[in-house]
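What follows is a single structure, written as structure tokens, with notes after it.
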Amino acid sequence: MSTERYNAREAEPRWQKIWDERGIFRTRNDDPRPKYYVLEMFPYPSGRIHIGHGRNYVMGDVVARFKRMKGFNVLHPMGWDAFGLPAENAAIERNTHPGKWTYENIATMREQLKLLGLSLDWSREIATCDPEYYGEQQRIFLEFLKGGFVYRRESEVNWDPVDNTVLANEQVIDGRGWRSGALVERRKLAQWFFRITALAQELLDGLDTLDRWPDKVRLMQRNWIGRSEGLHVRFALENAAPELPREVKVYTTRPDTLFGASFLALSPGHPLTEALAANDPALAAFVEECRRGGTSTAEIETQEKMGYDTGLKVAHPLGGPHLPVYVANFVLMEYGTGAIFGCPAHDQRDLDFARKYGLPVTPVVLPPGADPAEFEIGDVAYDGEGTLYHSGFLDGLSIPDAKEAVAAKLEKQILGNDAVGERAVNFRLRDWGISRQRYWGCPIPIIHCESCGPVPVPEDQLPVRLPDDVSFDAPGNPLDRHPTWKHVNCPQCGGPARRETDTMDTFVDSSWYFARFASEPGTAPLQRGAADHWLPVDQYIGGIEHAILHLLYSRFFIRALKKLGRVSLEEPFAGLFTQGMIVHETYKDPEGRWLFPEEVEKREDGTPVKAGTSEPVTIGAPEKMSKSKKNVVPPEIVADTFGVDCARWFMLADTPPERDSEWTSAGIEGAWRFVQRIWRLVGDTAALTPADIARPESFGPESIALRRATHKLAAQVADDVERLRFNVAVARVHAFANVFGDVLIAARKAGNVPADLAFALREAARFLVAVVAPMVPHLAEECGTLLGGTGLVAEAAWPLVEPDLLVDDTVTLPIQINGKRRGEITVPKDAAPADVEKAVLELDLVAQALDGRAPKRIIVVPQRIVNVVA
RNA sequence: GCGGGUGUGGCGGAACCGGUAGACGCGGCGGACUCAAAAUCCGUUUCUGGUGACAGAGUGUCGGUUCGAGUCCGACCACCCGCACCA
């Protein structure tokens with residue numbers, strides 16, 4: 001009998017060292033086994049990790065270790081999303097260099113991650129701030145430029161006045177910068193864009209192929225891309241000054257409501273608006289007022305519709321009355337044509353506008369069953385289905401038929417030289433602005449020349465490296481202020497020119513790193529052969545917060561790279577899993593200061609106090625672990641007390657992986673007990689049975705029962721892990737330990753252990769160790785040694801399941817009488833329903849219930865249930 | 001406003017296709033071992049009534065389909081998430 005406790009603190013570093021020395025997690029591209037690529041979203045090196053960061057890495061590690069045991073050549077790499085604003089902020093605050101700060105953080109966090117015992121191939125580690133990495137990214141940028149996926153234009157940008165940078169639309173949350181929280185302003189700048197909209201339809205269609213993605217994420221992307229089908233309609237301007245355009249084009253998804261139109265509205269940013277405003281100070285002032293309007297959620301919701309009557313009129317293309325042309329604050333320049341026709345009766349925004357400016361409200365869609373003489377629009381527009389009326393040739397048609405009829409008619413109608421109407425598809429998706437006025441990012445490899453314009457940096461001059469000697473003592477972009485860096489000669493004409501001083505959005509860095517990992521260390525960063533071999537990532541794991549941006553950008557990148565011949569695939573991530581966060585209680589002292597969990601202790605009566613004092617502590621609701629609220633647990637503390645296997649076990653247990661999980665001391669103690677329990681079960685088995693026991697000819701009932709449980713365990717846990725149902729896998733291991741423990745105790749009491757049972761016990765221990773190995777790998781190695789194994793458990797195969805042992809000979813069926821469970825019956829597994837029925841009717845409890853009458857009906861569901869209807 | 005999700009004991013949560021609701025863990029209670037404690041082990045733990053075998057109720061609410069509903073359908077309530085003046 002083993003009496004010693006499992007000493008995780010001693011064993012864990014020892015096994016980590018052995019794994020490392022033998023290089024067993026190093027992956028080779030020429031390995032003949034089938035490939036499996038598992039990847040967790042790489043971290044930003046912000047400083048230190050806490051246990052809350054560990055959950056997705058542990059989940060990925062379970063998958064990686066499991067797949068290795070199942071015979072796959074597994075790629076499981078790690079890297080660093082290393083460019084970004086915090087490094088610059090740290091540089092400003094601490095008077096250091098962003099690179100130094102970043103690489104120091106990487107060193108710290110690498111050691112912390114290693115503490116978790118992750119089976120990572122560290123030889124493939126990358127940081128996106130390595131010149132080799134961003135040099136390849138510059139090459140990709142130039143290929144995108146050549147291939148038409150990059151362009152430059154003047155654009156109104158979201159300007160973050162605190163971080164002094166441009167933000168993507170996606171980085172503006174409630175009108176504030178996603179990092180600084182500052183209210184975003186609008187400015188016009190020349191910006192570089194990735195033409196993601198060129199692939200909008202493909203990116204939408206591709207979602208249908210991603211059957212191992214969560215539906216939620218696919219839906220979010222679908223909505224983000226936002227496809228709509230409608231009609232472009234050109235309206236002739238009646239009374240415009242000669243220098244103005246002759247027409248206005250609008251986009252509508254409701255051409256059926258054209259007879260209900262009562263006005264046209266232009267966006268404040270529309271070219272016609274600008275042209276009019278040049279000679280109309282009042283309009284110019286109105287446009288200015290619209291600009292000032294905030295973009296925050298609350299403001300948009302409460303913002304009143306504002307309009308300015310330009311005095312212009314347009315003709316109705318279907319012969320209705322002429323319509324006034326307004327400029328309106330609610331019309332977006334970025335969507336459609338920046339101009340709309342307003343149909344107040346059937347669009348809430350138009351209705352609000354019409355009521356405010358006294359415009360007609362003419363319903364043209366009659367709800368089913370409504371009386372045309374009575375139906376009126378009050379404060380709510382009607383956007384349901386119905387039948388067209390008040391609409392000339394459309395009267396009586398359904399909405400879809402009316403849409404079609406209008407489109408067909410206007411396609412043939414001519415205004416000037418073109419058709420009045422043209423069917424059009426619109427997307428909500430906008431092109432991706434990637435220019436950032438920041439130092440710590442990938443330089444955009446362009447040189448601006450007075451005479452040649454923007455010129456690509458020649459291939460042999462890549463990478464364009466960031467200068468090291470920069471200062472952060474003034475606001476703005478250090479690259480722009482650098483005395484020499486930007487001054488170069490034009491590669492085309494040789495004349496004086498200046499470098500592009502903008503750097504790329506860091507989302508560019510993370511849009512292809514998974515392809516970089518495919519290349520062996522020391523080889524070119526993006527190789528078609530290697531990328532095609534390893535990609536797509538078989539299982540990608542990360543937070544739901546990246547459901548749109550990172551994942552959509554990466555999908556765009558791979559598709560663009562394919563079109564440029566750099567890779568052969570279309571979708572980078574075949575399987576996606578979004579894991580929940582780890583949350584923890586928060587603690588505050590009487591002054592309202594946050595306390596770390598280790599600063600809090602419980603008195604005997606259960607009240608929490610500040611450690612070593614009698615100051616009361618307020619316990620707050622569990623929240624996402626964060627440094628600012630101090631509700632963090634550093635991995636070192638866990639490693640030094642319970643061991644990281646306990647942390648791993650706890651992170652996998654109880655809560656489904658996609659939900660948030662609360663870290664508690666009770667939970668980690670429970671994990672500790674179970675780790676010790678496995679250790680004891682294995683140790684007791686090793687003491688009770690000989691290591692070299694041969695498989696006996698036959699097994700007694702007790703041994704068969706144990707073996708059935710053993711083999712079912714291996715089969716079911718394999719299935720659970722494949723489906724990432726770690727909490728269920730953990731529960732099964734617990735249940736098995738209960739069965740195993742009972743048999744073990746009985747065997748020990750009996751004194752002598754027959755050979756067949758000894759074999760079954762050994763087998764149970766071996767299986768148990770293998771099954772938990774992906775989850776608690778250090779303990780598994782230690783147990784492996786205990787059982788007299790010579791090789792590493794980390795390199796062992798998943799146990800071979802004997803299919804005969806998965807099915808039982810008999811089944812116990814519940815007996816229901818009138819749908820209520822009244823008893824049960826045990827029958828042979830493949831008993832005929834008629835025989836089961838007969839056996840059931842012979843039972844006393846059934847006879848009693850029937851009380852001499854014949855049953856109305858008996859339903860026998862083989863292997864499930866018997867229901868007697870009395 | 002639009003779209004999506006969730007709701008099961010004191011708690012985290014199981015329950016594949018409609019077939020024994022509450023697996024497994026946490027916590028609680030009782031016990032064994034111990035001089036005592038820790039550790040470990042055993043029993044018990046949905047609620048109500050009953051000493052008990054047992055009976056009744058029970059998966060947010062109301063209704064429906066079915067021999068049978070946590071699971072399917074309809075309406076509603078609560079909470080969570082995403083998008084948000086996208087014409």
Side-chain angles (χ1 to χ4, degrees), chain A residues 3 5 174 214-224 226-228 230-231 250-255 257 265 267 293 295 297 300-301 303-305 328-332 334-343 346-350 352-353 380 383 426-430 544-545 547-548 649-650 653-656 658-662 664-667 669-671 673-674 676-677 680 716 719 723 725 727-738 741-742 745 812-824 855-870:
Chain A
T3 48
R5 287 232 213 137
D174 294 344
D215 289 341
K216 180 186 169 83
V217 174
R218 290 197 287 176
L219 186 70
M220 281 166 72
Q221 292 214 353
R222 198 166 283 130
N223 291 340
W224 190 263
R227 185 184 201 272
S228 78
L231 197 67
V250 308
Y251 174 71
T252 179
T253 55
R254 295 294 304 272
T257 63
S267 165
T295 50
T297 309
I300 285 172
E301 272 175 356
Q303 201 166 50
E304 261 208 57
K305 301 279 178 285
N329 63 338
F330 67 94
V331 181
L332 304 172
E334 304 83 50
Y335 186 77
T337 61
I340 59 153
F341 80 78
C343 174
H346 304 292
D347 182 290
Q348 192 59 45
R349 296 157 299 182
D350 299 346
D352 295 344
F353 190 82
V380 182
D383 59 3
N426 248 299
F427 294 94
R428 215 189 67 107
L429 186 69
R430 313 278 151 80
I544 186 75
E545 68 273 19
I548 297 171
W649 188 258
F650 175 51
D654 291 346
T655 306
E658 68 278 7
R659 287 198 211 166
D660 289 352
S661 166
E662 189 183 351
T664 61
S665 54
E669 281 159 21
R673 274 197 294 275
F674 194 67
Q676 294 299 338
R677 184 154 187 229
R680 270 196 320 276
Q716 289 174 331
D719 187 51
R723 293 157 66 186
R725 294 157 45 91
N727 58 322
V728 181
V730 164
R732 285 198 214 282
V733 174
H734 270 287
F736 176 74
N738 291 340
D742 288 347
I745 287 167
T812 299
L813 302 178
I815 297 172
Q816 289 184 341
I817 293 169
N818 293 332
K820 285 198 188 295
R821 184 182 182 279
R822 294 297 175 199
E824 58 185 36
K856 281 198 190 115
R857 202 173 156 189
I858 299 180
I859 292 123
V860 178
V861 185
Q863 319 222 19
R864 286 262 177 233
I865 203 167
V866 180
N867 193 4
V868 179
V869 186

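Note that this is a predicted model, so its numbers are computed, not measured. Below, chain A is the first sequence line, B the second, and so on; all start at residue 1.
The partner of G63(B) is C73(B), by the rule that a Watson-Crick or G-U pair needs both atom distances under 3.5 Å. The pairing partner recorded for A57(B) is U46(B), the criterion being a Watson-Crick or G-U wobble arrangement whose two distances lie under 3.5 angstrom. Nucleotide C41(B) has G31(B) as its partner under the Watson-Crick or G-U criteria, with both atom distances under 3.5 Å. Both distances falling under 3.5 Å, in either a Watson-Crick or a G-U wobble arrangement, occur for no nucleotide opposite A14(B). Across all strands shown, G5(B) is found opposite C79(B) as a Watson-Crick or G-U wobble partner, with both distances under 3.5 Å.
U71(B) and G60(B) have their P atoms separated by 8 Å, with the value rounded to a whole Å. Comparing the C1' positions of G52(B) and U8(B) gives a spacing of 30 Å, expressed to the nearest Å. For the P atoms, the distance from U65(B) to C54(B) is 33 Å, rounded to whole Å. Taking atom C1' on both C76(B) and G7(B), the two are 14 Å apart, rounded to the nearest angstrom. Nucleotides A78(B) and G27(B) have their C1' atoms positioned 27 Å apart, rounded to a whole Å. Using P as the reference atom, G9(B) and A75(B) are 25 Å apart when rounded to the nearest Å. Straight-line distance between the C1' atoms of A57(B) and G22(B): roughly 15 Å, to the nearest whole Å. Of the P atoms belonging to U20(B) and C29(B), the separation is 33 Å, rounded to the nearest Å.
With Gln716(A) contributing its side chain and Arg732(A) its backbone, the two residues share no donor-acceptor pair below 3.5 Å. Judged by distance alone, with hydrogens and angles left aside, the side-chain atoms of Ser267(A) form a donor-acceptor pair with the main-chain N or O of Val331(A) at under 3.5 Å. The closest donor-acceptor contact from the side chain of Asn223(A) to the backbone of Gly226(A) lies at 3.5 Å or more, if one exists at all.
Rounded to an integer number of Å, the gap from Ile548(A) CD1 to C81(B) C1' is 11 Å. Atom CD1 in Ile544(A) sits roughly 14 Å away from atom C1' in U6(B) (whole-Å rounding). Note: CD1 (Ile745(A)) to C1' (G43(B)) measures 13 Å, nearest angstrom. The distance between atom CG of Asn818(A) and atom C1' of G19(B), rounded to the nearest whole Å, is 15 Å. Taking atom CZ on Arg673(A) and atom C1' on G25(B), their separation rounds to 10 Å, with Å as the unit. Note: CD (Glu545(A)) to C1' (C83(B)) measures 17 Å, nearest angstrom. Note: CG (Leu332(A)) to P (A87(B)) measures 10 Å, nearest angstrom. For the pair Asn223(A) CG and G5(B) C1', the interatomic distance rounds to 14 Å; values are reported in whole Å.
Residue Asp352(A) is out of contact with every strand shown, counting any heavy-atom pair closer than 4.0 Å. Val861(A) comes within contact range of at least one nucleobase, with a heavy-atom separation under 4.0 Å. Using a 4.0 Å heavy-atom cutoff across all strands shown, Ile859(A) reaches at least one base atom of the nucleic acid. Val331(A) comes within 4.0 angstrom of a nucleotide base, judged by non-hydrogen atoms across all strands. No engagement by Asp347(A) is indicated, since no non-hydrogen atom pair under 4.0 Å with the nucleic acid exists.
Between Arg428(A) atom CZ and Tyr335(A) atom OH the span is 9.5 Å, to the nearest 0.5 Å. Note that CD1 of Ile865(A) is 3.5 Å distant from CD of Gln816(A), once rounded to the nearest 0.5 Å. One finds the CD1 atom of Ile544(A) at 5.5 Å from the NZ atom of Lys216(A) (value rounded to the nearest 0.5 Å). Taking CD of Glu662(A) as the reference point, atom CZ of Phe650(A) lies at 8.0 Å (rounded to 0.5 Å). One distance of note links OH of Tyr251(A) with CG of Asn426(A); it measures 4.5 Å at 0.5 Å rounding.
Look at G9(B): its glycosidic torsion is within 90° of 0, and that puts it in the syn range. Against the 90° criterion about 0, the sugar-base torsion of C17(B) places it in the syn range.
Listed candidates were C24(B), G3(B), U20(B). Nearest to the side chain of Ala735(A) is C24(B). Closest to the Glu824(A) side chain, of the nucleotides A55(B), U20(B), G4(B), is U20(B). Counting only heavy atoms from C-beta on, Asn738(A) has its side chain closest to G25(B) among G82(B), G25(B), A87(B). With C83(B), C85(B), A21(B) as the candidates, the nucleotide lying closest to the side chain of Gln816(A) is A21(B).
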Inset, instruction - Do nucleotides 8-17 of chain B as a string where each nucleotide becomes B, S or -: B if the base has a protein heavy atom under 4.0 Å, S if just the sugar-phosphate does, - if no protein is that close. - result: ----BSSSBB

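No donor-acceptor contact under 3.5 Å links the side chain of Lys856(A) to the base of C67(B).
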Inset, instruction - Check step by step if side-chain contact (heavy atoms from CB on, under 4.5 Å) holds for Arg857(A) and Asn867(A). - result: CA-CA 8 Å; Arg857(A) 202 173 156 189; Asn867(A) 193 4; over 6 Å; no

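OP1 or OP2 of A57(B) has at least one side-chain nitrogen or oxygen of Lys820(A) nearer than 4.0 Å. Distances shown here put every side-chain N or O of Arg218(A) at or beyond 4.0 Å from the OP1 or OP2 atom of G82(B). Neither OP1 nor OP2 of G19(B) sits under 4.0 Å from any side-chain N or O of Arg821(A). Distances shorter than 4.0 Å separate some side-chain N or O of Arg677(A) from OP1 or OP2 on C41(B). At C67(B), one or more side-chain N or O atoms of Arg857(A) fall inside 4.0 Å of OP1 or OP2 (strictly under the cut-off).
With sequence neighbours excluded, the residues that form a ring pair (Phe, Tyr, Trp, His ring centres under 6.0 Å) with Phe353(A) are Phe263(A), Tyr326(A), Phe330(A), Tyr357(A).
Mapping Glu334(A) and Val730(A) onto RNA chain B via the closest heavy atom, the residue that lands nearer the 5' end is Val730(A).
Nearest heavy-atom pair, His346(A) versus Asp383(A), reported as atom, atom and distance to 0.1 Å: O-CB, 4.2 Å.
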